[in-house]
Amino acid sequence: MGIIFSVKKLAKYFPVGGKTLKAVDCLTFEIYEREVYGVVGESGSGKSTLGRCMLNLVEPTAGEVIFGDEIMPMSELARKSPARMKSLRRDMQVVFQNPNSSFNPKMTIGRALYNAASFFGLKGGGRDRIHELLDYVNLDRSVLSRYSNALSGGEMQRLAIVRALIPSPRFVMADEPVSALDVSVQAQILNILGEMKNRFGLTMMFISHELTVVEHICDRIMVMYLGAMMELGPVEELFGNPLHPYTRALLDSRPKTSPDEKKTREMLEGEIPGAVDIPAGCRFFSRCPDAVRECGEIPPELYKVTDFHFVACHLVRDTVGNN
Ligand code: SF4
């Protein structure tokens with residue numbers, strides 16, 4: 001499998017009241033072609049800022065992102081090339097949490113979709129492609145003559161998926177795509193997103209604050225906390241053998257499927273601290289039930305547990321060792 005995204009020492013800092021908020025702090029990872037890569041963490045962990053840097057929507061403070069042949073942040077010269085910008089927009093699409101933000105409420109859905117198809121130069125104005133995609137998301141073609149304010153959140157998110165797929169992108173980023181939807185329609189949208197990789201042969205990154213949402217969709221998952229990677233591994237490994245205390249706490253905070261199900265580990269308590277004063281040692285120190293003195297003084301490195309499983313925790317280093 002080739003690499004489609006290479007993220008190298010990526011950082012995004014924001015000045016806040018004379019201090020520095022480290023939303024993303026020196027992240028390095030790769031996404032393989034045709035995989036679904038999950039990024040999970042509580043609100044404030046930096047996952048959406050990471051996504052925006054990768055989509056070239058936000059300029060990073062340091063580091064770079066390589067997508068195919070394109071290196072971001074792009075040079076001034078590249079930014080001024082309409083052909084390169086159009087090619088990037090065609091290849092990288094995004095589905096946001098709020099689908100209404102992608103549609104002009106004064107424009108019919110049909111007009112919005114045909115405008116997108118025309119921008120990317122689809123044959124016949126993109127009619128066949130749009131019809132094919134409406135069928136894929138199970139929407140009747142009558143939706144084309146309607147306006148966004150007359151449609152439900154679930155219908156609008158299906159249309160946001162249609163819009164993202166119109167130019168046949170190589171990569172789709174889904175940023176909390178179901179968190180604003182009723183529970184009753186979340187599963188339908190997740191099924192549609194889950195089938196996209198195989199149906200359209202694309203690569204996806206799926207951002208969520210809930211591990212349960214990504215469990216059945218992703219191939220690998222990166223757990224983020226305060227702008228840094230805590231654990232990365234294949235989905236079976238992360239759910240079957242979670243090693244970082246933060247990953248275990250996220251798993252514990254999942255809604256229980258039965259009242260008899262016992263809580264076997266500690267629940268995640270309190271809010272994520274601000275990313276302005278990152279602790280000197282482990283970022284999870286203030287909330288970690290397993291912390292020892294070393295944790296407050298020395299930041300843990302990313303330890304390799306298996307070829308594909310990495311964990312940033314001193315205890316894991318001591319119990320599993322650095323393979
Ligand atoms: Fe907890 Fe220490 Fe591991 Fe950090 S390094 S997660 S504080 S045990």
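First listed ligand is number 1; within each ligand, the first listed atom is number 1. This one's a predicted model, so the numbers in the text were calculated from it and none came from an experiment.
For Ser142, the side chain to side chain donor-acceptor pair (under 3.5 Å) partners at least two apart in sequence or on another chain are Asp140.
Look at Arg129 and Glu132 and you find a salt bridge, because one of the NZ, NE, NH1 or NH2 atoms lies within 4.0 Å of a carboxylate O, short of that distance. Lys123 and Asp128 are not joined by a salt bridge, as no carboxylate oxygen comes within less than 4.0 angstrom of a charged side-chain nitrogen.
Excluding waters, the count of protein N/O/S atoms less than 2.8 Å from atom 1 (Fe) of ligand 1 comes to 1.
When each of Phe67, Phe29, Tyr37, Tyr32 is tested with Phe5 by the rule ring pair (Phe, Tyr, Trp, His ring centres under 6.0 Å), just one qualifies, namely Phe67.
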Practice item. Report the C-alpha distance between Arg220 and Glu237 in whole Å, list the side-chain angles of each, state the deciding distance to 0.1 Å, and finish with yes or no for salt bridge (charged side-chain N to carboxylate O under 4.0 Å, His left out). Key: CA-CA 9 Å; Arg220 287 189 301 152; Glu237 187 96 356; over 6 Å; no
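Within the cation-pi definition used here (under 6.0 Å to the ring centroid, within 45° of the axis), Arg163 qualifies as a partner of Phe103.
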